[in-house]
Amino acid sequence: MTKFEDAAMIVVDVQRAIDAPYHAADGPRNHPQAEARIADLLAFWRSRRRPIIYVRHDSTFEASAYRPGQIGNTFKDEVQPLADETVVPKTTNSAFIGTDLEPRLREAGVKMLVIVGVATNNSVEATVRMAGNLGFDTYLVEDCCFTFARRDFAGILRTAEEVQSMSLANLNGEYCTVISSAALLEGVTG
């Protein structure tokens, strides 16, 4: 058995809303290939009949592109769930708060998670932190996530790469192991 043979993949908030212009108000995103890489991992996971859970953000804020009933609430074309795949709706940044994600995983005997999605410093980071705190052996695929440029607390503009790098540094070694998609596939097939 390979390292990730029993892992479930969690796809966080890869919805059309992430393309709303307000996300890039301070500058563009990083990892423009993230959706294609996620699609590749999904195809591989499906070929291995491994569990995949999609997390859909159903915002309760009127101005949010993620609000249900509008096009932004739908998953991006590259990551459309299949009919037999699980979708877990959420209304907060963490996929574990106010959802049945943890009981689903526990009931299925899942102990290892591979997490991909958006935005790295928001819902992905919140979900990864909770996964680690709940005792899941968690892997975050760094090139299957992205974020946007953002001003720090002092008002200094940080690039998307800087924002992502700090988020990954906050998580790696304490809440998860940060890994590339290539290393993940090597661990699945190696």
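From a predicted model like this one, the values you see are computed outputs, not experimental measurements.
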J.: What pairs meet the side-chain hydrogen bond (donor to acceptor under 3.5 Å, both in side chains) rule with one or both residues in residues 133-142, with sequence neighbours excluded?
T.: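 Those involving residues 133-142 are Lys3-Tyr139.
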
J.: Salt bridge check, Asp26 against Arg158: does any charged N sit closer than 4.0 Å to a carboxylate O?
T.: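 A salt bridge is absent here (no side-chain N lies under 4.0 Å from a carboxylate O).
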
J.: Which is it for Arg50 and Glu5 under the salt bridge (Lys or Arg N to Asp or Glu O under 4.0 Å) test, yes or no, and what are the steps along the way?
T.: CA-CA 8 Å; Arg50 297 304 315 136; Glu5 195 65 30; 5.3 Å; no

J.: Under a 4.0 Å N-O cut-off, is there an ion pair linking Asp58 with Arg56?
T.: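 Salt bridge: yes.
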
J.: With a 4.0 Å cut-off, would you call Arg29 and Glu35 a salt bridge?
T.: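 Salt bridge between Arg29 and Glu35, a charged N being under 4.0 Å from a carboxylate O: yes.
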
J.: Test of understanding: clusters of I, L, V, M, F, W, Y form through side-chain heavy atoms closer than 4.5 Å, transitively. Do Leu101 and Leu171 belong to the same one?
T.: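 In one cluster with Leu101: Leu171, yes.
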
J.: Under the salt bridge (Lys or Arg N to Asp or Glu O under 4.0 Å) definition, can you give me all pairs with a residue in residues 125-136, not counting sequence neighbours?
T.: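 The answer is Glu125-Arg129.
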
J.: Quick one: does NZ or CZ of Arg16 land under 6.0 Å from the six-membered ring centre of Tyr66, within 45 degrees of the ring axis?
T.: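 Relative to the ring axis of Tyr66, which defines the angle, Arg16 lies outside at least one limit.
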
J.: Is any side-chain heavy atom of Lys76 closer than 4.5 Å to a side-chain heavy atom of Ile18?
T.: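 A side-chain contact exists here, since the closest heavy-atom pair is under 4.5 Å.
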
J.: Kindly assign one of parallel, tilted or perpendicular to the pair Phe148 and His23, based on the angle between their ring planes and the thresholds 30° and 60°.
T.: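 Parallel: the ring planes of Phe148 and His23 meet at under 30°.
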
J.: Report yes if the side chains of Pro89 and Thr99 come closer than 4.5 Å at any heavy-atom pair, otherwise no.
T.: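 No; the side chains remain at least 4.5 Å from each other.
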
J.: Looking only at side-chain N and O atoms, does Lys90 offer a donor or acceptor that is under 3.5 Å from a partner on Thr127?
T.: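 Not at all, the side chains of Thr127 and Lys90 share no donor-acceptor pair under 3.5 Å.
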
J.: I need the Ile38 CD1 to Phe146 CZ distance, nearest 0.5 Å.
T.: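 One finds 7.5 Å between CD1 of Ile38 and CZ of Phe146.
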
J.: My understanding is that only one of Thr120, Asp143, Thr147, Thr159 makes a side-chain hydrogen bond (donor to acceptor under 3.5 Å, both in side chains) with Gln164; could you say which?
T.: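 Going through the options one by one, the only one that passes is Thr120.
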
